[in-house]
Enquirer: 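My questions will all concern the structure given below.
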Amino acid sequence: MRIVVLAGGIGGARFLAGVRATGEEVTAVVNVGDDVTLHGLRICPDLDSVMYTLGGGADRERGWGRAGETWVVKEELAAYGAEPAWFGLGDRDLATHLVRTRMLGAGYPLSAVTEALCARWQPGVRLLPATDDRLETHVVTGGRALHFQEWWVRYRAELPAQRFVFVGADAAKPAAGVLDALADADVVLVAPSNPVVSIAPILAVTELRDALVRGTVPVVGISPIIGGAPVRGMADKCLAALDVPCTAAGVGDLYGARSAGGILDAWLVDTADAGTGVAGVPVRAHPLWMSDEAATLAIVREALAAA
Ligand code: GDP
Ligand code: CA
């Protein structure tokens, strides 16, 4: 069986570990809206979170970046007063960004660069960026627009967001391999990732979204919201900006039924949210805490059964 997963970073990576455990052929289409250029280096936080986590190189406690990380370069940059100082670039992590930036500069698309980086990490699933084109999430707050990373990391999502803008999305094409993966898939799973800043930027690539909406492959979503709260992270603040209730039903309605121009054929919610109704979409309840790989695999099996 061929499984395609739409995913963000940390939640996406955890979910993908469970999908990989099925032993099926897995392609992850990963958000690039968080990508940013800092100190001249191209940084892809979600692709790297997935790559490091599945490749066994992630810092489990911090939740992002490399295990065994050191911060000498960051200290040296701070000694120069080099901005931005709010973004934590670890020494080990830097090597990834150096290789990526050099390859991009030589003309390789991000999909090819990602494949090259994965030759080292062997994540066990195929990682594809949603697009090889520039697509960046910006946050409109108090009359100005900030890059998503600045809003999230520097301001801890404390500046009220009025809007999220996916800069470049109108012109962005699906990355090499994405449309073929969707056409060849037996099922598409939407990971329990942040719906507003991880999944929406993927769906903002018009041809990618059209392939899902118009395709014949069943699409099953897994709710990132349990009992009215995001399990980790700040999805509540992102949903508030869209006036979407922070509930399993709110996110299900945001994705929408395929029969009504949305993407979902089925929606998986936590047992705490059993009874959730989403117009036009069959809803199943199952425990959705990804506490370990076995629990996550059970979630994936339930999603496959729904498909
Ligand atoms: P990011 O890009 O690193 O922010 O990661 P994602 O967007 O992929 O995932 C973040 C989302 O994962 C959060 O909004 C949480 O709601 C969701 N999440 C995290 N852990 C769990 C879990 O154990 N179960 C479920 N259902 N959702 C989770
Ligand atoms: Ca992210």
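Note: hydrogens, waters and symmetry copies are ignored here, and every other heavy atom, side chains too, is used. Counting convention: from 1, in listed order, for ligands and their atoms alike. Keep in mind the model is a prediction, meaning the values are calculated, not measured. The first residue of the sequence shown is numbered 1, and numbering continues consecutively from there.
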Enquirer: Which word best sums up how the rings of His147 and His138 line up, parallel for under 30°, tilted for 30 to 60°, or perpendicular for over 60°?
Expert: tilted

Enquirer: Within ligand 1, which atoms have a heavy atom of Gly8 less than 4.0 Å away?
Expert: 2 (O), 8 (O)

Enquirer: For the residue pair Arg154 and Phe87, would you count it as a cation-pi contact if the rule is NZ or CZ under 6.0 angstrom from the ring centre and within 45 degrees of the ring axis?
Expert: no

Enquirer: Within ligand 1, which atoms have a heavy atom of Trp289 less than 4.0 Å away?
Expert: 23 (O)

Enquirer: Between Pro45 and ligand 1, which part of the residue brings a heavy atom under 4.0 Å of the ligand: side chain, backbone, both or neither?
Expert: neither

Enquirer: Going by the order shown, which atoms of ligand 1 are within less than 4.0 Å of some heavy atom of Gly12?
Expert: 8 (O)

Enquirer: Output the list of atoms in ligand 1 that are nearer than 4.0 Å to some heavy atom of Ile226, sorted by atom number.
Expert: 26 (N)

Enquirer: Of all the atoms in ligand 1, which lie at a distance below 4.0 Å from a heavy atom belonging to Arg232?
Expert: 13 (C), 14 (O), 15 (C), 16 (O), 19 (C), 20 (N), 21 (C), 22 (C), 23 (O)

Enquirer: Return yes when Ser223 approaches ligand 1 closer than 4.0 angstrom through a heavy atom, no otherwise.
Expert: yes

Enquirer: Check ligand 1 against Asp46 and write out every atom of the ligand that is under 4.0 Å from a heavy-atom position of the residue.
Expert: 2 (O)

Enquirer: Purely on distance, is any nitrogen or oxygen of Ile222 under 3.5 Å from one on ligand 1?
Expert: no

Enquirer: Counting each atom of ligand 1 from 1 as listed, which ones have a heavy atom of Ser198 under 4.0 Å away?
Expert: 2 (O), 6 (P), 7 (O)

